[in-house]
Chemist: 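Starting off with a structure, shown below.
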Amino acid sequence: MASSKEYLDYVLEQLSELDDITYKAMMGEYILYYRGKIFGGVYDDRFLVKNTKSAATKMPEAELQLPYEGAKEMLLVDDIENKEFLSELVEAMYEELPAPGKKK
């Protein structure tokens, strides 16, 4: 099942306190970037983030879920109503995220 543009828009609104959030549509889902680094995405109308040390610390009760078959497990963000928490979460994750790959 693909994610809806409406759910993506809602997630982006909840992340609006952060500058430089971008996304890329990919096979019916949406990859989310913060300052050029992938930190998560919207998969089947679920907001998932990479399972980094800081994300796991900030969300100790978060469920690990597969965004799609064959992918690495990601953390399900439950507290999507809390804009301040989301900003702190993504900022905390930033340093742990890999640098973007070089374009060929």
Chemist: So, Tyr94 versus Phe39, ring centres under 6.0 angstrom or not?
Modeler: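 For Tyr94 and Phe39, the ring centres are not under 6.0 Å apart.
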Chemist: Would a hydrophobic clustering, with Ile, Leu, Val, Met, Phe, Trp and Tyr connected at side-chain separations under 4.5 Å, put Leu32 with Leu18?
Modeler: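 Yes, it is one cluster - the side chains of Leu32 and Leu18 are joined through contacts under 4.5 Å.
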Chemist: Same hydrophobic cluster for Met27 and Ile31, using side-chain heavy-atom links shorter than 4.5 Å among ILVMFWY?
Modeler: yes
Chemist: Would you call Ser87 and Leu15 a side-chain contact if the rule is heavy atoms closer than 4.5 Å?
Modeler: no
Chemist: Grab the two heavy atoms, one from Arg46 and one from Leu66, that are nearest each other, plus how far apart they are.
Modeler: NH2-O, 3.1 Å
Chemist: Under 4.5 Å between any side-chain heavy atoms of Tyr7 and Ile80, yes or no?
Modeler: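 Tyr7 reaches Ile80 side chain to side chain.
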Chemist: Sort and list the pairs that fulfil salt bridge (charged side-chain N to carboxylate O under 4.0 Å, His left out) and have at least one residue in residues 2-23, not counting sequence neighbours.
Modeler: Lys5-Asp9, Glu13-Lys83
Chemist: So how far is it from Ser4 OG to Tyr30 OH, rounded to the nearest 0.5 Å?
Modeler: 7.5 Å
Chemist: To the nearest 0.5 Å, what is the distance between CG (Leu86) and CD (Glu91)?
Modeler: 12.0 Å
Chemist: Minimum heavy-atom separation for Gly28 to Ala2, with atom names?
Modeler: O-CB, 3.4 Å
Chemist: Got a second to check how far Glu29's CD is from Leu48's CG, nearest 0.5 Å?
Modeler: 9.5 Å
Chemist: Flag the pair Lys53 and Glu95 as a salt bridge only when some basic side-chain nitrogen lies within less than 4.0 angstrom of an acidic carboxylate oxygen.
Modeler: no
Chemist: Are a donor atom and an acceptor atom from the side chains of Tyr43 and Gln65 found within less than 3.5 Å of each other?
Modeler: no
Chemist: Over all heavy atoms of both residues, which pair between Pro67 and Asp44 is shortest? Give the atoms and the distance, please.
Modeler: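 The pair with the smallest heavy-atom distance is O-OD2, 4.3 Å.
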Chemist: Can Met59 be reached from Ile38 by stepping across I, L, V, M, F, W or Y side chains whose heavy atoms are under 4.5 Å apart?
Modeler: no
Chemist: Which pairs would a plain distance check flag for residues 68-78, meaning a side-chain donor or acceptor within less than 3.5 Å of a matching protein atom at least two apart in sequence or in another chain?
Modeler:
none

Chemist: Can you check whether Pro98 reaches Lys50 side chain to side chain, under 4.5 Å on heavy atoms?
Modeler: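 Touching, per the 4.5 Å side-chain cut-off.
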Chemist: Transitively linked via ILVMFWY side-chain contacts under 4.5 Å: Tyr34 with Met26?
Modeler: no
Chemist: Identify the heavy atoms of Thr52 and Glu96 that sit nearest to each other, and give their distance.
Modeler: CB-OE1, 3.4 Å
Chemist: Using side-chain heavy atoms (C-beta onward) and a distance below 4.5 Å, is Pro100 in contact with Lys37?
Modeler: yes
Chemist: Rounded to the nearest 0.5 Å, how far does OG of Ser16 lie from CD1 of Ile21?
Modeler: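 Output value for this atom pair is 9.5 Å.
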Chemist: To the nearest 0.5 Å, tell me how far Ser54 OG sits from Met93 CE.
Modeler: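 Taking OG in Ser54 and CE in Met93, the distance rounds to 6.0 Å.
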Chemist: Could you work out, with side chain to side chain contact (heavy atoms under 4.5 Å, CB included) as the rule, every residue matching Glu84, not counting sequence neighbours?
Modeler: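 Counting only residues at least two positions away or on another chain, Glu84 forms a side chain to side chain contact (heavy atoms under 4.5 Å, CB included) with Asn82, Glu88.
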